Amino acid sequence: MAATAAASVAAISPLPGASLPRPVSARVPLLPRASPPTWRLSVGSARARSTRCLAAAGGGGLAPEMRATLDKVVGSHKVVLFMKGTKDFPQCGFSHTVVQILRSLDVPFETLDVLANEALRQGLKEYSSWPTFPQLYIDGEFFGGCDITVDAYNSGELQETLEKAMLS
């Protein structure tokens with residue numbers, strides 16, 4: 001039996017330089033490609049929507065104590081980044097990207113680890129009306145997440161906003 005198995009393996013194994021024939025398979029029709037989205041998120045429009053904690057206008061679900069705490073934290077520093085992990089040890093690529101941008105601009109900033117506190121993480125989502133992290137606040141206002149920060153950095157808007165905040 002062992003000799004038969006070895007012989008069948010030898011029969012399947014190609015000789016050096018030889019190639020195995022490709023198995024014939026039934027053709028599967030390709031699905032039509034989806035067209036790319038027609039909308040584009042412009043930095044200006046996102047910034048217009050993300051000014052001064054939209055949740056304050058109509059969130060309603062955020063506990064007053066949490067709102068007061070977040071107002072105090074956001075208002076007590078020029079630049080605050082709520083992120084996954086710390087600035088020295090980010091726990092996600094998006095948080096790492098924003099940290100690297102802020103460091104490249106030599107801006108002093110504070111970070112808070114949302115992974116360490118579930119109530120903080122959920123409260124921030126309501127506070128900013130922004131569902132993901134990181135969340136960057138500049139001069140007491142919600143600026144945006146990773147994509148908006150990268151776009152603003154590339155356009156120069158982030159540098160302008162930070163300069164204004166540092167002078168105020």
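Note that the structure is predicted; figures quoted are calculated from it, not measured.
When all heavy atoms are compared, the tightest approach of K125 to P131 is CE-O, 3.3 Å. A pairwise comparison of heavy atoms in G61 and E126 identifies C-OE1, 2.9 Å as the closest pair. For the pair A165 and D139, the tightest heavy-atom approach, listed with the atom from each and the gap, is CB-CB, 3.8 Å.
By the 4.5 Å heavy-atom criterion applied to side chains, F109 and L162 are not counted as neighbours. Residues V114 and K84 have side chains in contact (heavy-atom distance under 4.5 Å, counting atoms from C-beta outward). A 4.5 Å side-chain heavy-atom check between F89 and V99 finds every atom pair outside the cut-off. Counting heavy atoms from C-beta outward, L158 and I138 have side chains that approach closer than 4.5 Å. The closest side-chain heavy-atom distance from T86 to L112 is not below 4.5 Å. Considering only heavy atoms from C-beta on, F94 stays 4.5 Å or farther from M83 through its side chain. Looking only at side-chain heavy atoms (C-beta outward), T97 and T149 stay at 4.5 Å or farther from each other. Counting heavy atoms from C-beta outward, L124 and F133 have side chains that approach closer than 4.5 Å.
Ring centers of Y127 and F142: at least 6.0 Å apart, outside the cut-off.
In this model, a donor atom of one side chain and an acceptor atom of the other lie less than 3.5 Å apart for K78 and S168.
No donor-acceptor pair under 3.5 Å is formed between the side chain of E110 and the backbone N or O of V80. Checking side-chain atoms of D113 against main-chain N and O of G85 turns up a donor-acceptor pair under 3.5 Å. Of the possible donor and acceptor atoms, none in the side chain of Q159 sits under 3.5 Å from a partner among the backbone N and O of L105. Although no hydrogens or angles enter the test, the distance criterion places a donor-acceptor pair under 3.5 Å between the side chain of Q135 and the main chain of W130.
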_Using side chain to side chain donor-acceptor pair (under 3.5 Å), reason through Q122 and E118 one step at a time and then give a plain yes or no._
CA-CA 6 Å; Q122 293 307 317; E118 177 67 23; 3.0 Å; yes
